[in-house]
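Convention: sequence-line order gives letters A, B, ...; per-chain numbering from 1. Just the heavy atoms: all of them, side chains too, but no hydrogens, waters or symmetry mates, feed the values below.
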Amino acid sequence: KQEVTQIPAALSVPEGENLVLNCSFTDSAIYNLQWFRQDPGKGLTSLLLIQSSQREQTSGRLNASLDKSSGRSTLYIAASQPGDSATYLCAVRVMVGATNKLIFGTGTLLAVQP
Amino acid sequence: EPEVTQTPSHQVTQMGQEVILRCVPISNHLYFYWYRQILGQKVEFLVSFYNNEISEKSEIFDDQFSVERPDGSNFTLKIRSTKLEDSAMYFCASSEVQETQYFGPGTRLLVL
């Protein structure tokens, strides 16, 4: 059974720092991995999607990497800003049958201090 | 930019009552999903829907739950007889083919 874990559970950094969020999954047979941002009481905003054949994806100050064989992904945020404060979730789409379901991690709560 | 919308944003109901949560997916998307997030817990998959039928459901999605696409735009989740433990944030999502899933803002359901 696929399990997705994120560390750290919470992170507080001063504005301007670069930071890395970690995501690990137990079964490497994934179709893709998606990073989301969730603001308090709000929905999920898709940040990046990495296909299983890819090693990384970049969007602005965000860079996500994927090492499928070791079951790991990282989300790198450059030059953090207070507006980056949110919960960051990773989710994997497993490669079992025709499933499209996403399996989510527990999230990392990020606070960027001005 | 197209987005998934959900109504209502909040719903309070009495235990045993029926609720219908509504979603309007992005117009050219073909795959539709419901997820839920109990307060403080992970986002959990409930059901996926394609070509007017359920393509997959989780063990959470028991006989009390049903989904429907009554017309060309709406996608609904019905809970027939709500329980206290159904209190959660319910998210609708849609995707074009089997790629990035786009999520709505959620409906916060509180069962008293």
(message) Please determine whether the number of non-hydrogen atoms from other residues, nucleotides or ligands lying under 6.0 Å from atom CG of B:Leu112 exceeds 12.
(response) yes
(message) Is there a path of hydrophobic side-chain contacts, each under 4.5 Å between heavy atoms, that joins B:Trp34 and B:Phe65?
(response) yes
(request) For side-chain contact (heavy atoms from CB on, under 4.5 Å), just list the numbers for A:Gln38 and B:Phe91, CA-CA rounded to whole Å, side-chain angles, deciding distance to a tenth of an Å, and then say yes or no. (result) CA-CA 12 Å; A:Gln38 184 176 29; B:Phe91 295 109; 3.6 Å; yes
(message) Other residues, nucleotides and ligands only: do more than 12 of their heavy atoms fall within 6.0 Å of NZ on B:Lys83?
(response) yes
(request) Would you confirm whether B:Lys42, through its side chain, and A:Val4, through its main-chain N or O, come within 3.5 Å as a donor-acceptor pair? (result) yes
(message) Counting only non-hydrogen atoms closer than 4.5 Å, does A:Leu89 touch chain B with its backbone (N, CA, C, O), its side chain (CB onward), both, or neither?
(response) side chain
(message) Using only atom types and a distance under 3.5 Å, with no angle test, would you say the side chain of A:Gln34 pairs donor to acceptor with the backbone of B:Gln101?
(response) yes
(message) Is it the case that atom OH in B:Tyr102 sees more than 12 heavy atoms from other parts of the structure closer than 6.0 Å?
(response) no
(message) Tell me whether the count of non-hydrogen atoms from other residues, nucleotides or ligands lying under 6.0 Å of CG in B:Asp63 goes above 12.
(response) no
(request) Determine, stepwise, if the pair A:Phe104 / B:Phe45 fulfils ring-ring contact (aromatic ring centres under 6.0 Å, His included). (result) CA-CA 9 Å; A:Phe104 282 82; B:Phe45 169 80; over 10 Å; no
(request) Let me know if A:Leu44 has heavy atoms under 4.5 Å from chain B in its side chain, its backbone, both or neither. (result) both
(message) Given heavy-atom pairs under 4.5 angstrom as the criterion, report whether the side chain, backbone, both or neither of B:Gln37 touches chain A.
(response) side chain
(message) Please classify the contact between A:Ser46 and chain B as side chain, backbone, both or neither, with a heavy-atom cut-off of under 4.5 Å.
(response) side chain
(message) Counting neighbours of CD1 on A:Ile7 that are heavy atoms of other residues, nucleotides or ligands and sit closer than 6.0 Å, is the number greater than 12?
(response) no
(message) Which atoms of B:Tyr35 are under 4.5 Å from chain A, going by heavy atoms: the side chain, the backbone, both sets, or neither?
(response) side chain
(message) I need the A:Lys101 NZ to B:Ser55 OG distance, nearest 0.5 Å.
(response) 11.5 Å
(request) Give a yes or no on this: more than 12 heavy atoms of other residues, nucleotides or ligands lie within 6.0 Å of atom CZ of B:Arg69. (result) yes
